[in-house]
Amino acid sequence: MQELTPMMQQYMEIKQRVKDCILFFRLGDFYEMFFDDAIIASKELEIALTARDCGNNEKAPMCGVPYHSAHSYIAKLIEKGYKVAICEQVEDPKLAKGVVKREITRIITPGTFIDENFSKANNFICCVARVESDFALTFVDISTGEMYACLIENDIQKMINEISKYAPSEILISHLDNELYEVIRENYNSFVQRIEFIEIDRCYDLIDKQMQITNINDKVALSVGNLLNYLVDTQKISFNYIKKFEFYRVQNYLQIDLSTKRNLELTESIIARSKKNSLFGILDQAKTSMGSRLIKKWLERPLIDVVEINRRLDAVEELYNNFPLLMQIEGLLEGIYDIERLSSKFAYKSINAKDLLSLKKSIEVLPRLKELLGEFKSPLLKELYNELDTLEDVYSLIDSSINEDAPVGLKEGGIIKDGFNDHVDRLRNISKNSKELLIQYEEKERNLTGIKNLKIGYNKVFGYYIEVTKSNYSLVPERYIRKQTLANAERYVTEELKKLEDEIINAEQKLVELEYELFCQIRDKIESQIERIQKTASCIAIIDALCSFAHIAIDNRYTKPIVYLGDRIYIKNGRHPVVEKMIGYSNFVPNDTELDNDQNRVLIITGPNMAGKSTYMRQVALIVIMAQMGCFVPAEEAQIGIVDKIFSRIGASDDISSGQSTFMVEMSEVANILKNATPKSLIIFDEVGRGTSTYDGLSIAWAVLEFVADKSKIGAKTLFATHYHELTELEEKISGVKNYRVDVKEEGKNIIFLRKIVRGGCDSSYGIHVARLAGIPEEVLQRAEQILKKLEEADINRKEAKRLRKEIKREFTEQIEFFSYKKDEIIEKIENLDILNITPIQALNILSELKHEIIKAKERQLL
Ligand SMILES: Nc1ncnc2c1ncn2[C@@H]1O[C@H](COP(=O)(O)OP(=O)(O)OP(=O)(O)O)[C@@H](O)[C@H]1O
């Protein structure tokens with residue numbers, strides 16, 4: 001039996017190590033795939049399938065993609081959920097000629113795939129380590145090198161919530177944790193990798209080696225260490241760019257759960273599922289991608305630290321008040337590239353000359369940016385001024401070395417600037433002016449030897465030579481080496497000429513090699529400054545985010561809120577930042593809000609459909625979030641007492657994928673709120689109880705309201721929109737509950753929405769009016785009016801029966817004081833009454849019967 005070819009043997013051996021990946025096996029200018037990998041790739045990438053002789057009389061299915069365009073093919077496979085292993089040819093001078101060494105250089109997964117154009121919003125990978133009932137989460141954005149970790153104690157929902165903030169493309173968990181695997185799969189579409197976790201000691205070793213992190217506990221170390229180990233394993237690169245590590249506590253930020261984030265359309269609108277028409281869409285006017293990403297992070301994690309919030313607000317205010325300076329700063333920011341992501345390219349050694357030029361262009365504006373920052377007085381802007389490293393050394397290194405029109409490819413030459421390196425200049429000179437150089441050399445030798453007719457020639461046998469005629473032999477110096485004798489002349493070479501020849505012939509190739517070598521040295525030199533570059537990038541991101549806030553405040557007439565450690569939320573003429581943009585500033589009716597933990601704890605908001613209840617409640621939550629991010633708010637005046645958590649239960653959101661009914665989803669969300677809200681929380685309930693029958697819904701809404709309003713249970717600030725007008729009775733019963741309604745004006749069969757919040761309840765839903773507005777046929781509307789009338793009459797009867805029942809009870813308790821004879825009998829009679837199913841007339845009859853008996857009993861007793 002014949003053996004496999006050495007190349008196929010090598011392939012088989014490498015494939016063994018990456019069985020779960022599609023192996024891109026480098027062969028010259030191509031990556032080839034074989035066997036099943038080839039079959040999958042040819043189908044998924046729509047490329048031709050061929051066959052390759054394996055040497056053992058068998059043929060392997062094969063397909064290939066060119067090395068230079070491999071990135072887009074890899075992207076396609078990753079998008080479809082495959083893992084790709086890259087196997088490169090490695091240069092090893094020790095190996096015999098013709099033997100090629102190959103090794104895996106990178107394993108690419110959804111989380112570790114870096115889009116060359118950086119069009120992916122983020123490249124987060126998350127590692128979840130469960131220890132007992134706690135979850136340690138570590139996130140790394142491998143495109144920027146940012147790493148965050150947090151510990152969530154004993155709360156699966158919170159863990160899910162936290163992961164979703166980062167929307168990681170890949171989640172790593174221990175291969176032993178089946179339960180966690182199920183939970184993660186249920187909640188995310190991300191690629192889940194079950195990996196073999198390394199021991200805690202190795203985690204600490206890695207952490208010590210990669211980053212200077214102290215003060216983390218074993219649980220967090222387990223998650224950070226395993227994430228690092230995974231990166232080392234799959235990426236096989238140096239991770240010195242992952243320096244930005246932050247351990248944060250969830251409770252140190254305003255907590256907004258997943259459904260609230262969705263309900264309030266913080267980062268994407270529900271309908272379009274895009275940034276447009278979301279709060280993020282409004283807030284993000286950043287000039288750099290770094291600024292945009294930071295605004296998103298601030299939006300995901302608004303602050304609760306009053307000092308920090310006010311530092312941001314003061315900085316925004318100063319920028320807001322200095323419009324000309326703001327414009328100048330924004331102008332400079334516009335010229336800055338995504339330095340955070342560029343810095344990660346250093347780690348992958350994938351940086352090219354164009355990237356360095358982008359870096360240079362970005363750094364070029366920093367001295368002026370710093371100068372402008374120097375004009376400000378607010379502490380945060382001053383701090384940024386002090387921290388902004390203008391990286392002059394990096395600038396001059398790139399400026400002096402890299403050609404302005406350098407190509408993207410590193411093996412094409414033309415990268416290094418004239419004057420940076422003598423050798424490059426010389427080689428470039430040679431390759432451009434070889435003829436000229438030979439003439440110069442000829443001239444020089446003529447002068448040195450005094451041989452006037454000395455000339456330089458070329459033949460294929462020994463290359464360039466010096467020819468001297470017979471009459472001048474005596475003048476030939478000793479350093480000339482004779483090569484050929486002709487009839488009337490002799491041909492010589494010199495060491496210098498051979499060197500020159502060597503240079504001329506190999507100049508092009510040598511130049512490319514030397515330029516590449518120098519480029520690598522420059523790249524490594526800059527990489528050694530990566531920490532400084534990243535710090536500068538962070539400063540730029542903050543400046544950009546603050547400018548964006550100032551800019552939108554000017555554009556949209558926002559004001560600076562007073563944020564303090566109190567309980568009161570007072571908003572004068574507040575607006576919904578997104579709705580007002582959609583319908584226009586002048587069309588939006590602003591509204592006031594007064595909430596506190598005392599007399600204005602729970603606001604019950606009634607009003608017809610479409611009146612603007614949801615918009616109003618959302619606007620209050622959004623204004624609080626904006627204020628706690630350090631942003632100005634859409635209001636004439638706002639005082640915001642710090643809120644610790646925002647909850648919402650809005651609308652009917654079916655969760656078909658999880659197999660839960662609308663009502664079930666509604667109730668689980670309500671349960672979550674009742675379990676986690678504190679007196680410092682803000683809750684929005686929009687029509688709780690709507691998903692079930694009227695009486696069930698009303699009773700649930702009633703009980704929920706009582707519970708949140710009760711200071712001994714929760715006592716949170718709450719906005720409660722409802723169509724159950726019965727709930728407005730609670731204003732009388734519970735102190736701190738206030739009724740408000742969104743006003744409308746009735747004009748015949750039509751209503752006019754005034755959009756104004758006023759005190760008091762509303763006793764009509766105007767549902768049929770709204771249906772008319774929506775264009776329901778008149779015939780249907782008239783029928784609906786008839787039915788409504790009947791139902792209302794029935795309702796009046798029900799109310800009357802209720803009143804009578806009450807009367808019976810009252811009468812009975814008054815009378816029972818006076819007698820004991822037949823007492824038990826009478827009680828039994830009353831208890832057995834089918835009180836819910838009697839008409840008012842029957843009730844009256846029973847009442848008089850009872851009265852009669854009681855009177856009789858009294859008489860007996862008196863006798
Ligand atoms: N303050 C306002 N100024 C101007 N237009 C508003 C205002 N509030 C709401 N609107 C407009 O009214 C529409 C309906 O508002 P919203 O959905 O808040 O009503 P709703 O009372 O919650 O209705 P439903 O009870 O049917 O859910 C919004 O889409 C918006 O266009």
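This one's a predicted model, so the numbers in the text were calculated from it and none came from an experiment. Start at 1 and go down the list; that is how both ligands and their atoms are numbered.
Residue-ligand proximity: His576 is placed with every non-hydrogen atom at 4.0 Å or more from ligand 1. Using 4.0 Å as the threshold, His723 has a heavy atom nearer than that to some atom of ligand 1. Using 4.0 Å as the threshold, Pro608 has a heavy atom nearer than that to some atom of ligand 1.
The line from CG of Asn277 to CE of Met582 is 5.0 Å long, rounded to the nearest 0.5 Å.
Within a 6.0 Å sphere centred on NZ of Lys711, heavy atoms belonging to other residues, nucleotides or ligands number more than 12. Atom CZ of Arg249 has 12 or fewer neighbouring heavy atoms from other residues, nucleotides or ligands inside a 6.0 Å radius.
Proximity of Lys613 to Tyr740: side-chain heavy atoms (C-beta onward) are nowhere separated by under 4.5 Å.
Here the protein heavy atom with the shortest distance to atom 20 (P) of ligand 1 is Lys613 N, 3.5 Å. Nearest protein heavy-atom contact of atom 30 (C) of ligand 1 is Val579 CG1, 4.1 Å. Scanning the protein for heavy atoms near atom 22 (O) of ligand 1, the closest one is Ser614 OG, 2.6 Å. Nearest protein neighbour of atom 3 (N) of ligand 1, counting heavy atoms only, is Val589 N, 2.9 Å. In this structure, atom 7 (C) of ligand 1 lies nearest to the protein heavy atom Arg755 CD, 3.5 Å.
Taking the centre and axis of the six-membered ring of Tyr585, the NZ or CZ atom of Arg557 falls inside the cone set by 45° and 6.0 Å. Relative to the six-membered ring of Tyr253, Arg301 meets both conditions, a distance below 6.0 Å and an angle of at most 45° to the axis. For the pair Arg312 and Trp298, the cation-pi test (distance below 6.0 Å, angle within 45°) is passed.
Residue contacts with ligand 1: Asp686 is placed with no nitrogen or oxygen under 3.5 Å of a nitrogen or oxygen of the ligand (distance criterion only). The N/O atoms of Tyr616, backbone and side chain alike, include none that comes under 3.5 Å of an N/O atom in ligand 1. At least one N or O atom of Ala611 sits closer than 3.5 Å to an N or O atom of ligand 1. Among the atoms of Met610, some N or O lies under 3.5 angstrom from an N or O of ligand 1.
Glu731 pairs in a salt bridge (Lys or Arg N to Asp or Glu O under 4.0 Å) with only one of the listed residues (Arg759, Lys738, Arg601), which is Arg759.
Residue Ile583 has at least one heavy-atom neighbour below 4.0 Å for each of these atoms of ligand 1: 4 (C), 5 (N). Atom numbering of ligand 1 starts at 1 in the shown order; those under 4.0 Å from a heavy atom of Gly612 are 8 (N), 9 (C), 15 (O), 16 (P), 18 (O), 19 (O), 20 (P), 21 (O).
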Notebook entry, point to check: Can Tyr616 and Thr593 be said to form a side-chain hydrogen bond (donor to acceptor under 3.5 Å, both in side chains), step by step?
Noted result: CA-CA 9 Å; Tyr616 174 69; Thr593 308; 2.8 Å; yes
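Between Tyr166 and Phe124, the ring planes are perpendicular. Angles over 60° get that label, and only those under 30° would be called parallel.
With Val742, Ile605, Thr615 as candidates, the residue nearest to atom 18 (O) of ligand 1 on a non-hydrogen basis is Thr615.
The part of Asn587 lying near ligand 1 is the backbone, judged by heavy-atom distances below 4.0 Å.
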